[in-house]
Colleague: 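Once you've had a glance at the structure underneath, I'll fire off some questions.
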Amino acid sequence: MATETPATDDHELQRRMSVLADRAELTDLLSRHGRWLDEKRFHETRAVFTEDAAVVVGSGAVTGAESVAALAQSSHGSYALTHHLTTNPQIEVDGDRAVLSAQQIAVFCREGDAPEFVVGERYRMEAVRTRDGWRLSHVEGEPLWRVGA
């Protein structure tokens with residue numbers, strides 16, 4: 001015997017689906033952030049960050065998309081290879097805003113060399129929903145450990 005789902009259950013299911021979709025898009029944003037750095041796609045900064053984004057990391061503190069791109073270029077651009085592995089994301093969505101935390105291991109290599117150094121960091125990020133999708137509005141990295149020069 002089939003039973004009908006009450007309208008409130010439909011509303012709750014829709015809400016849950018929306019939250020899951022947001023979480024999937026925010027997880028993808030974390031991946032895009034790592035690839036933006038590793039593939040040196042600094043010209044695509046606005047596909048990852050808001051125009052007024054603030055970034056506070058070991059290599060500096062800046063505000064504004066152009067400054068974020070310049071900071072990334074100066075701290076990553078001279079390396080032949082970087083590899084950012086972002087794990088253990090925790091995502092809290094509140095309407096059109098979200099808070100993300102994650103762990104990251106970043107490897108930095110010169111041309112033809114083994115890693116020059118490897119760093120482990122904890123990230124806290126804030127994101128906002130824009131008409132173009134989710135974008136990072138604030139990134140703060142806390143260095144936890146480092147191996148190498």
Side-chain angles (χ1 to χ4, degrees), residues 4-109 115-148:
E4 290 188 32
T5 304
T8 56
D9 287 346
D10 288 343
H11 178 70
E12 177 61 15
L13 180 60
Q14 189 67 19
R15 186 194 68 75
R16 289 173 132 189
M17 293 298 290
S18 179
V19 168
L20 288 173
D22 285 339
R23 290 177 56 82
E25 290 175 30
L26 289 159
T27 300
D28 182 61
L29 179 60
L30 285 172
S31 296
R32 288 196 336 261
H33 174 260
R35 288 188 179 194
W36 170 78
L37 289 166
D38 293 338
E39 296 170 7
K40 298 175 180 46
R41 297 189 324 213
F42 308 126
H43 63 283
E44 297 178 8
T45 299
R46 287 168 183 81
V48 178
F49 291 91
T50 61
E51 189 62 41
D52 61 347
V55 172
V56 180
V57 292
S59 56
V62 296
T63 300
E66 290 298 321
S67 296
V68 169
L71 179 63
Q73 174 67 44
S74 70
S75 62
H76 291 71
S78 67
Y79 291 92
L81 174 71
T82 63
H83 183 88
H84 291 75
L85 176 64
T86 306
T87 65
N88 305 334
Q90 292 183 311
I91 300 169
E92 305 268 338
V93 179
D94 184 11
D96 291 337
R97 304 189 75 72
V99 175
L100 304 84
S101 63
Q103 303 291 322
Q104 187 175 83
I105 296 174
V107 180
F108 293 76
C109 301
E116 184 172 312
F117 68 94
V118 181
V119 62
E121 300 171 305
R122 178 180 301 126
Y123 273 87
R124 183 186 179 283
M125 303 174 168
E126 296 174 16
V128 295
R129 188 190 321 266
T130 71
R131 68 174 180 253
D132 297 318
W134 287 97
R135 298 293 185 268
L136 295 172
S137 60
H138 184 87
V139 173
E140 196 162 329
E142 175 190 358
L144 300 174
W145 55 266
R146 182 179 176 127
V147 175

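Below, all heavy atoms of this structure are taken into account, side chains as well, without hydrogens, waters or symmetry copies.
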Colleague: Would you compute the distance between atom CG of Leu37 and atom OG of Ser75 and round it to the nearest 0.5 angstrom?
Modeller: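 That separation rounds to 7.0 Å.
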
Colleague: Count the heavy atoms belonging to other residues, nucleotides or ligands that lie under 6.0 Å from CG of Asp132, then report whether that count exceeds 12.
Modeller: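 Atom CG in Asp132 is packed in, count exceeds 12.
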
Colleague: Would you give the length of the straight line joining atom CZ of Arg23 to atom CG of Asp28, rounded to the nearest 0.5 angstrom?
Modeller: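 So the gap between those two atoms works out to 14.0 Å.
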
Colleague: Has the side chain of Lys40 got a donor or acceptor atom that lies under 3.5 Å from a matching backbone atom of Tyr79?
Modeller: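 A pair under 3.5 Å: yes.
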
Colleague: Are Leu29 and Leu136 side-chain neighbours, meaning at least one heavy-atom pair lies under 4.5 Å?
Modeller: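 Contact flag for Leu29/Leu136 side chains = yes.
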
Colleague: I want to check something: taking the side chain as every heavy atom from C-beta on, are Arg146 and Phe117 in contact at a cut-off of under 4.5 Å?
Modeller: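 Yes, their side chains come closer than 4.5 Å.
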
Colleague: Rounded to the nearest 0.5 Å, what separation is found between the CH2 atom of Trp36 and the CD atom of Glu44?
Modeller: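 Between atom CH2 of Trp36 and atom CD of Glu44 there are 10.5 Å.
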
Colleague: Which value, rounded to the nearest 0.5 Å, describes the distance between Asp9 atom CG and Glu12 atom CD?
Modeller: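 Asp9 CG to Glu12 CD: 8.0 Å, rounded to 0.5 Å.
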
Colleague: List the steps and the verdict of side chain to side chain contact (heavy atoms under 4.5 Å, CB included) for Ser59 and Leu71.
Modeller: CA-CA 7 Å; Ser59 56; Leu71 179 63; 3.7 Å; yes

Colleague: Taking atom CD of Glu116 as the centre, does the number of heavy atoms from other residues, nucleotides or ligands within less than 6.0 Å exceed 12?
Modeller: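 Count over threshold, so yes.
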
Colleague: If only side-chain N and O atoms count, and only distance matters, is there a donor-acceptor pair under 3.5 Å linking Thr86 with Gln104?
Modeller: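 There is such a pair between these side chains.
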
Colleague: Could you name each residue pair satisfying salt bridge (Lys or Arg N to Asp or Glu O under 4.0 Å) that touches residues 52-79, not counting sequence neighbours?
Modeller: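 Qualifying pairs, neighbours excluded: Arg46-Glu66.
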
Colleague: When Asp22 is tested against each of Arg15, Arg129, Arg97 for salt bridge (Lys or Arg N to Asp or Glu O under 4.0 Å), which residue passes?
Modeller: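 Option passing the salt bridge (Lys or Arg N to Asp or Glu O under 4.0 Å) with Asp22: Arg129.
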
Colleague: Report the distance from atom CD of Gln14 to atom NE2 of His11, rounding to the nearest 0.5 Å.
Modeller: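 Between atom CD of Gln14 and atom NE2 of His11 there are 9.0 Å.
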
Colleague: Considering all heavy atoms of both residues, which atom of Ile91 and which atom of Leu26 are nearest to each other, and what is their separation?
Modeller: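 Of all heavy-atom pairs spanning Ile91 and Leu26, the closest is CG2-CD1, 3.6 Å.
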
Colleague: Check step by step if side chain to side chain contact (heavy atoms under 4.5 Å, CB included) holds for Leu100 and Gln90.
Modeller: CA-CA 6 Å; Leu100 304 84; Gln90 292 183 311; over 6 Å; no

Colleague: Closer than 4.0 angstrom, basic N to acidic O: yes or no for Arg122 and Glu142?
Modeller: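 Answer for the salt bridge query: yes.
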
Colleague: Could I get the full list of ring-ring contact (aromatic ring centres under 6.0 Å, His included) partners for His76, not counting sequence neighbours?
Modeller: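 Residues passing ring-ring contact (aromatic ring centres under 6.0 Å, His included) with His76: His84, Phe108.
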
Colleague: May I ask you to check whether over 12 heavy atoms, not counting those of Glu39, lie within 6.0 Å of atom CD?
Modeller: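 Enclosed.
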
Colleague: Please assess Val139 against Phe49 for the test side chain to side chain contact (heavy atoms under 4.5 Å, CB included), listing each intermediate value before the final yes or no.
Modeller: CA-CA 9 Å; Val139 173; Phe49 291 91; 3.7 Å; yes

Colleague: Identify the two heavy atoms, one from Pro115 and one from Val118, that lie closest to each other, and give their separation to 0.1 Å.
Modeller: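 Heavy atoms only, the tightest pair is CB-CG2, 4.1 Å.
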
Colleague: Looking only at non-hydrogen atoms, find the nearest pair between Trp134 and Arg32 and report the distance.
Modeller: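 Minimum heavy-atom contact is O-NH2, 3.6 Å.
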
Colleague: Applying side chain to side chain contact (heavy atoms under 4.5 Å, CB included), run through Leu144 and Glu121 and close with a yes or a no.
Modeller: CA-CA 5 Å; Leu144 300 174; Glu121 300 171 305; 5.5 Å; no

Colleague: Locate the shortest heavy-atom distance separating Ala54 from Thr63; write the atom from each residue and the value.
Modeller: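 Scanning both residues, the minimum pair turns out to be CB-OG1, 4.1 Å.
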
Colleague: Of the non-hydrogen atoms in Ser137 and Ala127, which two are nearest, and what is the gap between them?
Modeller: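 Smallest interatomic distance, heavy atoms only, reads OG-N, 4.0 Å.
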
Colleague: Show the nearest heavy-atom pair for residues Met125 and Leu30, with the distance to one decimal.
Modeller: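 Closest approach of Met125 to Leu30, heavy atoms only: SD-CD2, 3.4 Å.
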
Colleague: Please round to the nearest 0.5 Å and tell me the distance separating atom CG of Leu20 and atom CD of Glu25.
Modeller: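 It comes to 11.5 Å.
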
